[in-house]
Amino acid sequence: MVSGCDFYASPHVSPDGKKLCWVQWNHPNMPWDGTEVWLADLNATGDALVESTAKKVTGGVDISVMEPGWTTDNQLLYIGDQTNWWNLYLVTSGDGHTNLVPQDKEIGHPHWTFGLDDYCVDPNGTGKVVTAFGKELAVLDMATKQSVPISTMFKSHTHLNYSRDGNLYCLGSSPTEFSCIIRINVASGKVDTIRKSRSVPVDKGYLSVPEEKTWPTGTGNNEVAHGFYYPPQNQDFKGPETSLPPLLVKVHGGPTSQTSNALDLKVQYFTSRGFGLLDVNYRGSTGYGKTFRHSLRKNWGIYDVEDACSGAEYLANAGKADKQRLCIDGGSAGGFTTLACLAFKDTFKAGASHYGIGDLGLLAAETHKFESRYLDTMIGPYPEEKHIYEERSPYFHLEGFNCPIAFFQGKDDKVVPPKQAENMFNAIKTKGIPAALVMFKGEQHGFRKAENIQKALDGEFYFYSKIFGFEAVDIDVDMEIVNLPQ
């Protein structure tokens, strides 16, 4: 029906069946960089576009638009970041564009995946739209522009669907509940849980509820980073008053993504065992506006590293963590930031890399079409700026590793060849520093087998117990750590 661009997404037919809208973009853009919404007439049978009717509606250079949709009377809606924040727009007669709910808050997600549906129109033609700005629900009256919050017990809402019976269906999650399918009667506000993805296997007295944190970072004025701090929590135990707890800093992947406060048992694993945990939304993360999101351009391996380190130091200076027991972990792109922190900074006393990217040049050369030009924006064009890739790649700076590190690696990983993990491990081993390397047979980039996921989690905690000198109670893991003091 349409061709010529590198990527197309989110096609939607108008309610009267006469028009088709879609999103398109070209390399080197990603969907959160520069995209366009297009519109065209459909022929009478609906299987082709009417010639010469396709036109661009909005978007372009440094404008990210997404999730085009329709009102019941065939007016076009879309999400765009023209105001620095992804907001919801209505295309009016005469090709005007109205920001329906101007907010310094975002609706929408980076489109690594599609179909999350961050707004939905009442199919009964009332002119109401349910929105999820900041993942919180509200009902918008398009005529009056009034937006009324919908209260639920959940903190995050995705995959919105408005039914003709007046009910909203969506996925809800919170710091103490796994994702659930919920039904909300929009008129009365009554909330019902239709199905839980799984039950919480422990009493909520063992769950740490996160606190949102913002802290100063970088070398410029008024630069900040964000994250969720999880204090240690276990209803059966209390840490000694004479010492501060260790802190684990977690780094999300992407890097254009964000961490959330949804319940994650991998987080609770550590907090229930006496660790504080900081889940970082470094500069470049989504959810904080376009300026913040774009700040990582050309700066991946710099700003994310600074923000992980400054976050740990911020909590230590606030009396939340022991400066001598700061550690960091991450997987894939988060593993890259982890390794960069350990190679180029001295903030952390230990770390764990889960299939972390050590060589950015290899990532640029071997990735798939969707991400094949991603690093042009995050670092620079490759191979023209190969020297920058090598400057920021921990793999080329093995001399910088000076603290204990555990590596968890898939033997069949094509993104991070096992040899890289082996070489980094050997560099630390040669220095006489404690280190561990756990290779998982049959695993690729990201672990899939439950027993390997469990072993990596147990192995990381066990590693820290040996480095920081505490007992890993009830942890049974076969894992060699070299250079441990006798």
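Quick note: numbers below take in every heavy atom, side chains included, and nothing from hydrogens, waters or symmetry partners. Counting begins at 1 with the first residue of the sequence.
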Inset, instruction - Go through the steps for Glu366 and Val415 under the test side chain to side chain contact (heavy atoms under 4.5 Å, CB included), then give the verdict. - result: CA-CA 7 Å; Glu366 298 294 334; Val415 178; over 6 Å; no
Legend entry - Over 12 foreign heavy atoms within 6.0 Å of CD, Glu399: yes
Inset, instruction - Check the angle between the aromatic planes of Phe344 and His397 and answer parallel, tilted or perpendicular using the 30° and 60° thresholds. - result: perpendicular
Legend entry - Minimum heavy-atom distance Ala365-Tyr382, with the two atoms named: CB-CE2, 4.5 Å
Inset, instruction - Taking atom types as modelled, find out whether Glu385 and Tyr389 have a side-chain donor-acceptor pair closer than 3.5 angstrom. - result: no
Legend entry - Side-chain heavy-atom pair Met66, Asp118 within 4.5 angstrom cut-off: no
Inset, instruction - Keeping the roles fixed (side chain from Glu211, backbone from Tyr229), state whether a donor-acceptor pair exists under 3.5 Å. - result: no
Legend entry - Polar side-chain atom of Ser353 near backbone of Leu339 as donor-acceptor pair, under 3.5 Å: no
Legend entry - Least distance between heavy atoms, Ala308 atom then Phe348 atom: O-CZ, 3.6 Å
Inset, instruction - Evaluate the side-chain proximity of Thr176 to Val209: yes if any heavy-atom separation is below 4.5 Å, no if none is. - result: yes
Legend entry - Option among Lys411, Gln409, Lys455 that satisfies the side-chain contact (heavy atoms from CB on, under 4.5 Å) test with Phe440: Lys455
Inset, instruction - May I ask you to decide if Ser465's main-chain N or O and Glu471's side chain share a donor-acceptor pair within less than 3.5 Å? - result: no
Inset, instruction - Compute the ring centroids of Tyr374 and Trp32, then answer whether they are less than 6.0 Å apart. - result: yes
Inset, instruction - Would you kindly check if the NZ (Lys) or CZ (Arg) of Lys369 is within the cone defined by 45 degrees around the ring axis of Phe7 and under 6.0 Å from the six-membered ring centre? - result: yes
Legend entry - Heavy-atom side-chain proximity of Pro255 to Leu296 below 4.5 angstrom: yes
Inset, instruction - Verify, without hydrogens or angle tests, whether Arg392 (side chain) and Trp300 (backbone) share a donor-acceptor contact under 3.5 angstrom. - result: yes
Legend entry - Beyond-backbone contact of Leu360 with Ile388, side-chain heavy atoms, under 4.5 angstrom: no
Legend entry - Considering all heavy atoms, the nearest Ser147-Pro149 contact: O-CD, 3.9 Å
Legend entry - Phe275 six-ring face occupied by Arg273 cation (under 6.0 Å, within 45°): no
Legend entry - Within 6.0 angstrom of Lys155 NZ, more than 12 heavy atoms from elsewhere: no
Legend entry - Charged N-O contact under 4.0 Å between Lys204 and Glu177: yes
Legend entry - Contact summary for Gly34 and Trp25, nearest pair of heavy atoms: O-CB, 3.5 Å
Inset, instruction - Measure from the side-chain N and O atoms of Asn84 to the backbone N and O of Gln82, and report whether any donor-acceptor pair falls under 3.5 Å. - result: no
Legend entry - Any side-chain heavy-atom pair of Ser332 and Ile357 under 4.5 Å: yes
Legend entry - Ser393 and Glu390: side chain donor to acceptor below 3.5 Å: no
Inset, instruction - Would you check if Gln233 and Tyr206 make a side-chain contact, meaning some heavy-atom pair closer than 4.5 Å? - result: no
Inset, instruction - For the pair Thr35 (side chain) and Val65 (backbone), establish whether a donor and an acceptor sit closer than 3.5 Å, ignoring hydrogens and angles. - result: yes
Legend entry - More than 12 heavy atoms of other groups within 6.0 Å of Asp474 CG: no
Legend entry - Residue pair Glu313 / Thr347, side-chain donor-acceptor N/O under 3.5 Å: yes
Legend entry - Pair His159, Asp117: side-chain N/O donor-acceptor within cut-off below 3.5 Å: no
Legend entry - Pro232 to Gly274 - nearest heavy-atom pair and separation: CG-O, 3.8 Å
Inset, instruction - Among Tyr282, Trp215, Tyr314, Tyr288, find the residue that satisfies the ring pair (Phe, Tyr, Trp, His ring centres under 6.0 Å) test when tested with His226. - result: Tyr288
Inset, instruction - Decide yes or no for Asp192 and Ile182: does some side-chain heavy atom of the first lie under 4.5 Å from some side-chain heavy atom of the second? - result: no
Legend entry - Gln146 atom CD: more than 12 heavy-atom contacts under 6.0 Å: no
Legend entry - Parallel, tilted or perpendicular, as decided by the 30° and 60° cut-offs, for the rings of Trp112 and Phe370: perpendicular
Legend entry - Between Thr271 and Ser208, a side-chain donor and acceptor under 3.5 Å: no
Inset, instruction - Find out whether Asn317 and Lys323 are in side-chain contact, i.e. whether some heavy atom of one side chain is under 4.5 Å from a heavy atom of the other. - result: yes
Legend entry - Ser310 (side chain) donor-acceptor with Asp307 (main chain) under 3.5 angstrom: yes
Inset, instruction - Taking only Lys NZ, Arg NE, NH1 and NH2, and the carboxylate oxygens of Asp or Glu, determine whether Lys290 and Asp62 approach each other closer than 4.0 Å. - result: no
Inset, instruction - Answer yes or no: does atom CG of Asp478 have more than 12 heavy-atom neighbours from other residues, nucleotides or ligands under 6.0 Å? - result: no
Inset, instruction - Please report the closest heavy-atom contact between Ser64 and Trp86, naming both atoms and the distance. - result: OG-NE1, 3.2 Å
Inset, instruction - Please lay out, stage by stage, how Phe270 and Tyr230 fare under the test ring pair (Phe, Tyr, Trp, His ring centres under 6.0 Å). - result: CA-CA 10 Å; Phe270 285 95; Tyr230 295 79; over 10 Å; no
Inset, instruction - Considering only NZ, NE, NH1 and NH2 on the basic side and carboxylate oxygens on the acidic side, decide whether Lys250 and Asp279 come within less than 4.0 Å. - result: no
Legend entry - Expected output: side-chain Asn87 to main-chain Gln103 donor-acceptor under 3.5 Å: yes
Inset, instruction - Working to the nearest 0.5 Å, report the span between CG of Asp376 and CE of Met30. - result: 11.0 Å
